[in-house]
Amino acid sequence: MTIPARYTPSNLQRESVDGLKGLVVLQFGTNWCGHCQNARAVIEPVMAARPDVQRYLIEDGPGRPLGRSYRIKLWPTLVLLYNGQELGRVVRPQQADELGDLLAKAQP
């Protein structure tokens with residue numbers, strides 16, 4: 001049995017994120033968000049198939065500076081970065097293809 005991924009408060013600063021190397025997904029949301037809970041079935045298999053992509057599940061909300069720096073408005077939002085630069089994002093994915101296509105285009 002797999003333990004579902006959980007959003008946790010993050011001390012990551014934008015400057016630190018901008019310095020991350022390789023492919024990274026910042027996944028913004030909360031554990032109590034219904035949209036986030038429903039999207040797990042779409043997100044988890046895609047991310048499990050891509051162990052080469054670092055993923056951070058970041059608990060977002062008012063006053064959380066990292067989410068505000070990316071102008072996150074809806075949860076979950078997944079922001080794909082390569083070497084700290086945003087390549088694209090998926091907001092409230094409902095099909096695996098949405099995230100899969102984004103990751104496929106991001107081959108360095």
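None of the values given here were measured: they were computed from a predicted structure.
- Using modelled atom types, one side-chain atom of Asn83 and one backbone atom of Gly22 make a donor-acceptor pair closer than 3.5 Å.
- Looking at every heavy atom in both residues, Val53 comes nearest to Met47 through CG1-CE, 3.9 Å.
- For the pairing with Ile43, the side chain to side chain contact (heavy atoms under 4.5 Å, CB included) check across Val90, Leu99, Asn38 returns one residue only, Leu99.
- Sequence neighbours left out, not one pair with a member in residues 93-104 passes salt bridge (charged side-chain N to carboxylate O under 4.0 Å, His left out).
- Partners of Arg55 according to the side-chain hydrogen bond (donor to acceptor under 3.5 Å, both in side chains) rule, which considers only residues two or more places apart in sequence or in another chain, are Gln27, Glu44.
- For the atom pair CZ of Arg6 and SG of Cys36, the computed distance is 11.5 Å after rounding to the nearest 0.5 Å.
- In the hydrophobic clustering of this structure, Val46 groups with Leu80; members are Ile, Leu, Val, Met, Phe, Trp, Tyr whose side-chain heavy atoms approach within less than 4.5 Å, directly or through other members.
- Under a 4.5 Å side-chain heavy-atom criterion applied to ILVMFWY residues, the cluster that includes Leu74 comprises Val91 as well.
- Listed for the Arg64 side chain is no donor-acceptor partner under 3.5 Å among the backbone atoms of Arg68.
- Inter-residue side-chain proximity for Pro93 and Leu78 is flagged as met; some heavy-atom pair is nearer than 4.5 Å.
- Between Val42 and Gln94 the shortest heavy-atom distance is CG2-O, 3.6 Å.
- Take Val24 and apply the side chain to side chain contact (heavy atoms under 4.5 Å, CB included) test, not counting sequence neighbours, and it matches Leu20, Leu26, Gln54, Tyr56, Leu81.
- Between Pro76 and His35, the closest side-chain pair of non-hydrogen atoms falls below 4.5 Å.
- A distance of 13.0 Å separates CH2 in Trp75 from CD1 in Ile58, rounded to the nearest 0.5 Å.
- Listed by chain and residue number, Glu86 satisfy the salt bridge (charged side-chain N to carboxylate O under 4.0 Å, His left out) test with Arg89 (two or more places apart in sequence, or in another chain).
- The shortest distance between side-chain heavy atoms of Leu23 and Leu87 falls below 4.5 Å.
- Listed for the Arg92 side chain is no donor-acceptor partner under 3.5 Å among the backbone atoms of Thr77.
- Side-chain heavy-atom separations under 4.5 angstrom define the hydrophobic clusters, and the remaining members of the one that includes Tyr7 are Leu57.
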For a side chain to side chain contact (heavy atoms under 4.5 Å, CB included) check, start with the C-alpha distance between Arg14 and Tyr70, then their side-chain angles and the critical distance, and finish with the verdict.
CA-CA 9 Å; Arg14 181 64 186 255; Tyr70 282 98; 3.4 Å; yes

